[in-house]
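Worksheet for the structure shown next.
Keep in mind that what you see is a predicted model, and the values were worked out from it rather than measured.
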Amino acid sequence: MSTHLPVVAAVVYTLLGVIPAAVAVRSFRNRETAGAVPLLVTGVGATTASVVQAGRFLELVLAIPTPVSLALHIALLASVNIAVLGTMYVAVEYTNRGRLTRSWLVGALAFTAIGLPVGRILAGAAESPAFGPLADADFLYRVVLAAVGLGLFARQYLASRGVYRKQAGTLTVGLAIGAGLGLLERFYPLPFVEFTLLGMSGGCAVLAVALFRYDLFETAPVARETLFDYVSDPVVAIDGESRVADVNRAAMDAFAIGDDLIGQPAETVFAAEELSVPENVPSTAADLLGAVVVGDRRQFDPSNSVVEALHDGADIPETDFALVTDGELEYFSVRSTDLSVGPESAGKLVVFREVTAERERAQDLDILKEVLSRVLRHNLRNEITVIRGYASSIANKSDDGVADEADRIVDRTDVLLKTSETARAIKNVIDSAEPVPVSLVALVDRTAAAARDSYPDATIETDVSDVEVRINPEFDAALTELLENAIVHNDDDPTVTITGGRVDGGVELRVSDNGPGIPEHELAVIDRGEETSLNHGSGAGLWLIQIAADHSDGDCQFETGPEGTTVTVRLPEANPAADTLTSNS
């Protein structure tokens, strides 16, 4: 055999090591990025294997001692195993398979990668019968690791789009080349041709394409398995570099995003320009409108807070967003969630939850509320007032029998008018601003004074602390309702006692009477929180009290019986540090 051939082979395999060495250098520079460390291991392993194999070729022309020859063979096989192990963990980190990164598992696989070649070569040198099983185990080790990596890359390829599909496809091809040539060497060996090393160098060359052409370290996918195409709401994943990492099908349809835009900067995908607002967009949606999509043309309002946050990769607190797609107006509730996918790698998951139906229903309810309010305020009240006037006239001009019936009409109209007033008071409570600080003494004094003027035969006693409470601006109407209920439903010397003061970090206002009590079915409706056709109250007074307490950030409890009723309203204190003074009237 010519001495030139081994030397030429040694030079060729040394040069082949340059390719994985370049991959290792690039990986080292980006070692903080997910997947970079295992790719560094792959590059170092493949480079070492090439250099060691070059040294083994020189054995044929140099007098190398047997121990050194054995050491070189062990180093070759161990380097190949380490390179395959590194490639598998590139797939693990790229696809975010955290379960396979446990330290004990990584340690066991690394130990096996070195232990099998050591046992195999030493057993062969000793002509031990264990050589065959160890050689098969060493080969099977590489096959299993390569199969796991290929499976992960292939699955990512099928689940990805755009630049991420190109990345995954390139990584799959690179590993397939190495694995395929490794199998070829196992079954069809040739002198001076190391198919495994050729495959590893070729695979690293393909990996370099993913590194340099498809920006593997700059645009690693962040969505992974968290985005599912069957999610009906649009979902957009933004990586740490403010690139659109992935979108689901709903987002592609809503924003006309094609595969070619995935992996591009968010400013490119959601390019901002002045909107051409369609004529059918109502004025109520103008402030929320952030995008108009017509066919493949996308317009995004640069001043919209959601669009700005998408460009910057900033947090998006829950906010409303309107979108017009091919003339259809849709509303969304948008918010972002931090997404961590690997060492020093993070992004945002932005979810556009469609609320068009809910918003339209809310608008319909607002219209209904205004219509009912107008009916209660004008039409119903005016008509009942007319009926009451005629009934009063009949009662004054008729004999006792007819007059009694006319008086009943007057009483019923008074009840309807009272219900109308209470309903309007409930609307005012709901529509009013945030709770305001009010002196409890002033609140009770003016309400009690008004009740004494309206019901001079009733006894109203008060004993409350001089403390400020935070209450709904319309709370006076609820307290008035409490006093009137206690008086008008008691035909025997009605007495009402109002007490109040600090209790356990809050303020309690108690209104007690000596009346017949509130029917259980009336309280059951309030406890249940809804009225039905079979279970309902006889009026709206208790609802006014309950709603006023709720809108004052408080709560309300009823204790009732044949000897009277006590209503306890718990309210927040406006100034917890205030001194307690007592006012009696």
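At least one donor-acceptor pair closer than 3.5 Å links the side chain of H311 to the backbone N or O of F270. Checked by atom type and distance alone, the side chain of S50 pairs as donor or acceptor with a backbone atom of A46 at under 3.5 Å. The backbone N or O of P234 lies less than 3.5 Å from no partner atom in the side chain of N248, so there is not a single donor-acceptor pair. Remark: side-chain polar atoms of T268 are not paired, donor with acceptor, to backbone N or O of Q264 under 3.5 angstrom. Between the side chain of D312 and the main chain of A314, no donor-acceptor pair closer than 3.5 Å is present. The closest donor-acceptor contact from the side chain of T42 to the backbone of T87 lies under 3.5 Å. D301 places no side-chain N or O within 3.5 Å of a backbone atom of A291 that could act as its donor or acceptor partner. For R298 (side chain) and A256 (main-chain N/O), a donor-acceptor pair under 3.5 Å exists by modelled atom type.
Here D253 pairs with nothing under the salt bridge (charged side-chain N to carboxylate O under 4.0 Å, His left out) rule; sequence neighbours left out. For the ring pair (Phe, Tyr, Trp, His ring centres under 6.0 Å) test, no residue two or more places apart in sequence or in another chain qualifies with Y141. Residues satisfying the side-chain contact (heavy atoms from CB on, under 4.5 Å) criterion with S79, sequence neighbours excluded, are T48, A49. Residues satisfying the side-chain contact (heavy atoms from CB on, under 4.5 Å) test with E273, not counting sequence neighbours, are R297, Q299. Take T196 and apply the side-chain hydrogen bond (donor to acceptor under 3.5 Å, both in side chains) test, not counting sequence neighbours, and it matches E185. Evaluation of the side-chain contact (heavy atoms from CB on, under 4.5 Å) rule for V436 yields V438, P473 as partners, not counting sequence neighbours. Legend: residues meeting salt bridge (charged side-chain N to carboxylate O under 4.0 Å, His left out) with R29, ordered by chain and number and at least two apart, are absent. Residues passing the salt bridge (charged side-chain N to carboxylate O under 4.0 Å, His left out) test with E318, sequence neighbours excluded: R335. Here E308 pairs with nothing under the side-chain contact (heavy atoms from CB on, under 4.5 Å) rule; sequence neighbours left out.
Residue V44 is tested with V41, T47, L40 for a side chain to side chain contact (heavy atoms under 4.5 Å, CB included); the sole match is L40.
Under the 6.0 Å cut-off for aromatic ring centres, F255 and F352 qualify, their centroids lying closer than that.
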Under 3.5 Å, which donor-acceptor pairs link side chains of residues 173-182 to any protein atom two or more places apart or in another chain?
none

Please list, one pair per line, the donor and acceptor atoms closer than 3.5 Å that link side chains of residues 8-25 to other protein atoms, with sequence neighbours excluded.
unit_1 : atom_1 : unit_2 : atom_2 : d
Y13    : OH     : F192   : O      : 3.2
Y13    : OH     : E194   : N      : 2.7
T14    : OG1    : A10    : O      : 2.7

Name each donor-acceptor pair under 3.5 Å that joins a side chain in residues 122-139 to protein atoms two or more places apart or in another chain, with its distance.
unit_1 : atom_1 : unit_2 : atom_2 : d
S128   : OG     : A130   : N      : 3.2
D136   : OD1    : R186   : NH2    : 2.8
D138   : OD1    : N81    : ND2    : 2.8
D138   : OD1    : R142   : NH1    : 3.4
D138   : OD2    : R120   : NH1    : 2.9
D138   : OD2    : R142   : NH1    : 3.2

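Counted within 6.0 Å of CD on E358, heavy atoms from surrounding residues, nucleotides or ligands total more than 12; the atom is thus considered enclosed.
We find the CG-CG distance between L77 and L116 to be 10.0 Å, quoted to the nearest 0.5 Å.
A salt bridge does not link E573 with R470: none of the charged nitrogens is closer than 4.0 Å to a carboxylate oxygen.
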